[in-house]
Amino acid sequence: MAKPPAGRLYVVATPIGNLGDLSDRARRTLESAAVIAAEDTRHSAPLLRHFGIAKPLVSLHEHNELERAPGLVARLAAGEDVALISDAGTPAISDPGYALVRAAAAAGCEVIAVPGPCAAIAALSIAGLPTDRFAFEGFLPARAAARRRRLAAVADDSRTLVLYESPHRLGEMLGDCVTVLGAQRSAAVARELTKMHERVHRGRLDELASLAAQDPDLARGEAVVVIEGAAPREESAGAAELDRLLEPLLAELPLAQAARLAARISGLRDNEVYRRALALRAAGSEEPH
Ligand code: SAM
């Protein structure tokens with residue numbers, strides 16, 4: 001007997017706040033799928049109810065995605081269409097989905113995007129910062145040391161940076177951005193996009209960090225942080241000389257001590273030398289034991 005044609009995996013974007021942002025195509029796709037794989041079935045149930053969509057739901061979250069993928073791929077292979085949604089926005093973008101998409105594609109199934117809301121793109125589009133080249137860094141690590149290392153690794157990147165952050169860490173994260181990227185860069189914090197209290201705060205990084213420290217409202221609700229990229233680093237004799245001075249010190253000493261010594265020897269500002277030391281260490285060298 002001939003094999004039934006394989007089903008299709010639809011990756012369906014859902015609203016990040018405003019239900020009016022569910023596209024017609026997304027609604028029709030959800031209505032016609034055999035099954036909907038949802039990050040949190042309890043979270044998605046009200047959305048689906050609102051649109052009158054009654055379909056079997058399967059949970060697919062970061063802790064069971066690898067186990068669930070083969071079963072869903074088997075359903076695709078048997079000819080069923082599967083729709084994938086996450087709690088909000090585009091699945092697989094700082095959300096579950098990557099493993100299922102990969103497994104479905106590897107099994108030769110068609111994977112189809114039903115595009116729509118994505119907080120990163122929405123924030124970038126209204127931040128007022130260059131959009132021609134950008135780097136999406138998702139969530140930075142929760143621990144301060146790891147977060148600073150990740151920031152240092154992108155400190156010289158001239159592309160606009162786009163970051164997600166959870167509300168309770170926003171102030172701490174902006175403080176680290178000031179330390180590692182410098183106070184002067186232009187940035188935007190886009191909060192509660194598409195919702196009633198939507199607000200975009202624009203300013204220098206140090207202004208936004210002190211706003212976050214003073215105004216508890218800033219740490220309420222969901223936010224995307226968009227930061228101007230690094231100014232092209234002048235490959236001046238001075239910059240090369242600072243690297244030549246820092247590299248052997250970093251190989252022998254803890255970062256802060258190496259930076260302090262290099263600042264004293266070169267006469268450059270502590271902050272500037274510290275930032276460069278962080279970038280050099282992030283670019284390769286290990287912390288000395
Ligand atoms: N997949 C989602 C997307 O396409 O945007 C992102 C999911 S990620 C788990 C959640 C993060 O997205 C939040 O911590 C916040 O940084 C950002 N986010 C989601 N909804 C938002 C909104 N309405 N306004 C601002 N940021 C939002």
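Just so you know, ligand 1 is whichever comes first in the structure, and atom 1 is the first atom listed for that ligand. Residue numbers run from 1 in the order of the sequence given.
Ionic pairing of Lys55 and Glu31 is not present here: no N-O contact between side-chain nitrogen and carboxylate oxygen is shorter than 4.0 angstrom. Looking at Glu272 and Arg276, no side-chain N of the basic residue comes within less than 4.0 Å of a carboxylate O on the acidic one, giving no salt bridge. A salt bridge does not link Glu192 with Arg220: none of the charged nitrogens is closer than 4.0 Å to a carboxylate oxygen.
Distance check: Ile227 CD1 to Leu208 CG gives 9.0 Å after rounding to the nearest 0.5 Å.
Ligand-side atoms of ligand 1 in range of Ala190: 25 (C), range being under 4.0 angstrom from any heavy atom. Residue Val224 approaches ligand 1 through these ligand atoms, each under 4.0 Å from one of its heavy atoms: 26 (N). For ligand 1, the atoms lying closer than 4.0 Å to a non-hydrogen atom of Lys195 are 23 (N). Close approach of ligand 1 to Gly89 (heavy-atom distance below 4.0 Å) involves ligand atoms 3 (C), 4 (O). Heavy-atom contacts of Ser94 reach the following atoms of ligand 1: 7 (C), 8 (S), 9 (C) (cutoff under 4.0 Å).
Contacts between Ala88 and ligand 1, counted as non-hydrogen atom pairs separated by less than 4.0 Å, involve the backbone only. When heavy-atom distances to ligand 1 are checked against a 4.0 Å cut-off, Ala223 comes that close only through its backbone atoms N, CA, C and O. Contacts between Asp95 and ligand 1, counted as non-hydrogen atom pairs separated by less than 4.0 Å, involve the side chain only.
The only option from Arg149, Arg148, Arg150 that meets the salt bridge (Lys or Arg N to Asp or Glu O under 4.0 Å) definition with Asp176 turns out to be Arg148. With Leu174 as the fixed residue, the side-chain contact (heavy atoms from CB on, under 4.5 Å) test singles out one of Val189, Thr179, Leu163: Val189.
For the residue pair Asp40 / Ser59, no side-chain donor-acceptor distance below 3.5 Å is found, with atom types taken as modelled. Using modelled atom types and a 3.5 Å distance limit, the side chains of Arg191 and His201 yield a donor-acceptor pair.
Protein heavy atom in closest approach to atom 18 (N) of ligand 1: Ala119 CB, 3.4 Å. Protein heavy atom at the shortest distance from atom 4 (O) of ligand 1 is Thr90 N, 2.8 Å. Looking only at protein heavy atoms, the nearest one to atom 10 (C) of ligand 1 is Phe139 CZ, 3.9 Å.
Inclusion of Glu222 in the set of residues having an N or O under 3.5 Å from an N or O of ligand 1 is warranted. Between Ser86 and ligand 1, no N or O atom pair is found at a separation short of 3.5 Å. At a 3.5 angstrom cut-off on N or O pairs, Leu193 counts as close to ligand 1. In terms of N/O distances under 3.5 Å, ligand 1 is not approached by Ala120. The distance criterion of under 3.5 Å between nitrogen or oxygen atoms is not met by Pro91 with respect to ligand 1. At least one N/O-N/O distance between Tyr164 and ligand 1 falls below 3.5 Å.
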Would Ser86 and Asp95 count as a side chain to side chain donor-acceptor pair (under 3.5 Å) if you check the C-alpha gap in whole Å, the side-chain angles of each, and the deciding distance to 0.1 Å? CA-CA 7 Å; Ser86 61; Asp95 263 344; 2.9 Å; yes
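Judged purely by atom type and a 3.5 angstrom limit, Thr160 uses its side chain to pair as donor or acceptor with the backbone of Pro130. A donor-acceptor pair under 3.5 Å links the side-chain atoms of Glu65 to the main chain of Tyr98, judged by distance alone.
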